[in-house]
Amino acid sequence: MTYDLTALRARVPALAAGTAHFDGPGGTQTPQPVIEAIAAALSRPLSNRGDALPGERNAGTIVAGARRAMADLLGADPAGVVFGRSATQLTYDFSRTLAATWSPGDEVVVTRLDHDANIRPWVQAAERAGCTVRRADFDPATGELTADHIRAVLSGRTRLVAVTAASNLLGTIPPIAEIARLVHEAGALLYVDGVHYAAHALADIEELGADFLVCSPYKFLGPHLGVLAARPSLLETLRPDKLLPSTDVVPERFELGTLPYEFLAGTGAAVDFLAGLGAPGGTRREQLASAFARIEEHEGALRERLEKGLAALPRVTVHSRAARRTPTLLVTLDGRETADAYRFLAERGVHAPSGHFYALEASRRLGLGDTGGLRVGLAPYTSGEDVDRLLTGLADFLE
């Protein structure tokens, strides 16, 4: 079997509007099976979880199914899968919970490459706990963040290191497994932002060596939600603020209030949709491995086509240069504002947004200030025609 792009695109209704979408890093378009799963959950009886009535059982089935699906996607234990409103909300929640175990003089490491959602919660939590914040740099010339960058800021007082598995601005994929070894040798925990990474590669929390791995289903064809995975035994050691009557069982003790059951149904459907892009047979995890291999091949070929086209245009600088990276390019234009290019392209039905995309420290380190650049992100449904439309639009803008 090959990657059937035509069939995939036919199952994503929003693409019928004709827009060429390069905004996937900010959120992908939604396949029909995911939409149907959300509608089906809301069309059947649905109540708070229990076992006496159909609505209660339906809710329980949806939650359990979503945990298994995300565990398959992340190589995690379903009992360690926590759901929240967003990756940002989950990171804030866990930063506050972990900070309760820190003392003045302890140190927390963040990086200049990360989305602010994996910087600010830790900085604020550390400040409240009287801890020192140390920042790991990255090479602005190459976009690389190496293990040496992390090693330079580790010490015997480090309690936690927060780092991205893939930059949402540049696409850079740091060597997380190598970083994890250093972090654990220092006796610290590793919190990994996998939001951008999980959209382009099959994550494995054990292989990455992450203690916590957070992601967002709406970046990989699912609904707006946040998911965190960790070892259940680690979650057992953490005591979050919670309501007195709410359960103390892991992972539910971290899920505040009633879960969005319809979005959990959509999340499970998104994982199944991705698995369906792989070779049939085997476990869902095996199907996902096959699917992501095909997705990486498809997106990689389009990235080469895009990079070749950009190289042929005058006054274009591509800042995404790391040896290993996702199909996401940050572009600036000599003498022209990328915000103007964004609007010019939008008028031609091409969505390539401009900004810093909350990776504010990375944008500033690159010398782009708070303006950032034009971000071009490929997705599983991106076509060669989409790429050509973008290149033609940019060429017209630069003329």
Side-chain angles (χ1 to χ4, degrees), residues 3-49 54-55 57-74 81 83-89 195-196 198-200 202 215-227 255 258-278 280 284 287-288 290-292 294-295 298-299 349-351 353 377-383 385-386:
Y3 193 76
D4 192 340
L5 179 63
T6 301
L8 190 162
R9 288 176 63 88
R11 302 180 77 193
V12 183
L15 299 182
T19 301
H21 283 277
F22 294 94
D23 57 331
T28 47
Q29 304 305 303
T30 311
Q32 188 65 36
V34 176
I35 297 168
E36 291 172 354
I38 294 170
L42 293 171
S43 300
R44 292 192 291 264
L46 198 58
S47 310
N48 287 327
R49 279 173 283 173
R57 292 192 292 271
N58 287 343
T61 298
I62 288 171
V63 174
R67 288 201 209 282
R68 289 193 300 270
M70 286 307 305
D72 284 346
L73 186 72
L74 302 178
V81 172
F83 295 113
R85 185 177 63 82
S86 65
T88 300
Q89 175 248 306
V195 172
H196 188 62
H200 300 286
L202 184 62
C215 67
S216 302
Y218 73 99
K219 302 300 176 75
F220 50 83
L221 311 179
H224 291 80
L225 200 68
V227 182
E255 296 168 340
T258 302
L259 289 172
Y261 302 127
E262 63 276 21
F263 285 174
L264 295 186
T267 296
V271 174
D272 284 337
F273 185 87
L274 286 168
L277 300 178
R284 180 163 53 189
Q287 291 173 2
L288 286 165
S290 170
F292 273 95
R294 291 176 177 179
I295 290 170
H298 169 70
E299 293 178 340
V350 177
H351 190 177
L378 306 181
Y381 47 70
T382 306
S383 69
E385 181 186 1
D386 290 339

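Keep in mind the model is a prediction, meaning the values are calculated, not measured.
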A side-chain contact here means heavy atoms from C-beta on lying under 4.5 Å apart; do [X] and [Y] qualify?
{"X": "V34", "Y": "F263", "answer": "no"}
{"X": "T28", "Y": "V12", "answer": "no"}
{"X": "R284", "Y": "V271", "answer": "yes"}
{"X": "D23", "Y": "Q29", "answer": "yes"}

Determine whether a donor-acceptor pair (N or O, by modelled atom type, separation under 3.5 Å) exists between the side chain of [X] and the backbone of [Y].
{"X": "Y381", "Y": "T6", "result": "no"}
{"X": "S216", "Y": "K219", "result": "no"}
{"X": "R49", "Y": "A59", "result": "no"}
{"X": "D386", "Y": "A20", "result": "no"}

Inset, instruction - Please check if atom CZ in R57 has more than 12 non-hydrogen atoms from other residues, nucleotides or ligands closer than 6.0 Å. - result: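 Yes - once you tally the heavy atoms of other residues, nucleotides and ligands closer than 6.0 Å, there are more than 12.
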Legend entry - Audit row: T19, V350, side-chain contact (heavy atoms from CB on, under 4.5 Å) steps and yes/no: CA-CA 6 Å; T19 301; V350 177; over 6 Å; no
Just how far is it from atom [atom1] of [X] to atom [atom2] of [Y], taken to the nearest 0.5 Å?
{"X": "Y261", "Y": "L46", "atom1": "OH", "atom2": "CG", "value": "7.0 Å"}
{"X": "L221", "Y": "T267", "atom1": "CG", "atom2": "OG1", "value": "11.5 Å"}
{"X": "L8", "Y": "S383", "atom1": "CG", "atom2": "OG", "value": "11.0 Å"}
{"X": "N58", "Y": "R44", "atom1": "CG", "atom2": "CZ", "value": "6.0 Å"}
{"X": "T61", "Y": "L264", "atom1": "OG1", "atom2": "CG", "value": "12.5 Å"}
{"X": "L288", "Y": "L277", "atom1": "CG", "atom2": "CG", "value": "9.0 Å"}

Legend entry - Salt-bridge present (R294, D4; N to O < 4.0 Å):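 D4 and R294: not salt-bridged.
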Legend entry - Candidate pair H298 and Y3, rule ring-ring contact (aromatic ring centres under 6.0 Å, His included), full reasoning: CA-CA 8 Å; H298 169 70; Y3 193 76; 4.7 Å; yes
Inset, instruction - Apply side-chain contact (heavy atoms from CB on, under 4.5 Å) to the pair L274 and F292, showing each step before the final yes or no. - result: CA-CA 8 Å; L274 286 168; F292 273 95; 4.2 Å; yes
Identify the heavy atoms of [X] and [Y] that sit nearest to each other, and give their distance.
{"X": "F220", "Y": "A198", "result": "CD2-O, 4.1 Å"}
{"X": "G266", "Y": "P223", "result": "C-CD, 3.6 Å"}
{"X": "A270", "Y": "G222", "result": "CB-CA, 3.6 Å"}
{"X": "P217", "Y": "C215", "result": "CD-O, 4.1 Å"}
{"X": "Q89", "Y": "S86", "result": "N-OG, 3.0 Å"}
{"X": "L225", "Y": "P260", "result": "CD1-CG, 3.5 Å"}

Inset, instruction - On the 0 to 90° scale, with breaks at 30° and 60°, tag the Y218-H224 ring pair as parallel, tilted or perpendicular. - result: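 If you compare the ring of Y218 with that of H224, the planes turn out parallel.
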Inset, instruction - Just do the side-chain contact (heavy atoms from CB on, under 4.5 Å) check on T382 and E299 with the steps written out, would you? - result: CA-CA 8 Å; T382 306; E299 293 178 340; over 6 Å; no
Legend entry - Listed partners of H200 passing ring pair (Phe, Tyr, Trp, His ring centres under 6.0 Å), at least two apart: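 Applying ring pair (Phe, Tyr, Trp, His ring centres under 6.0 Å) to H200 gives H196.
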Inset, instruction - Let me see the working for E255 and F83 under side-chain contact (heavy atoms from CB on, under 4.5 Å), right down to the final yes or no. - result: CA-CA 6 Å; E255 296 168 340; F83 295 113; 3.6 Å; yes
Legend entry - Residues forming a side chain to side chain contact (heavy atoms under 4.5 Å, CB included) with I35, sequence neighbours excluded: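 By the side chain to side chain contact (heavy atoms under 4.5 Å, CB included) rule, I35 matches P13, T30, Q32.
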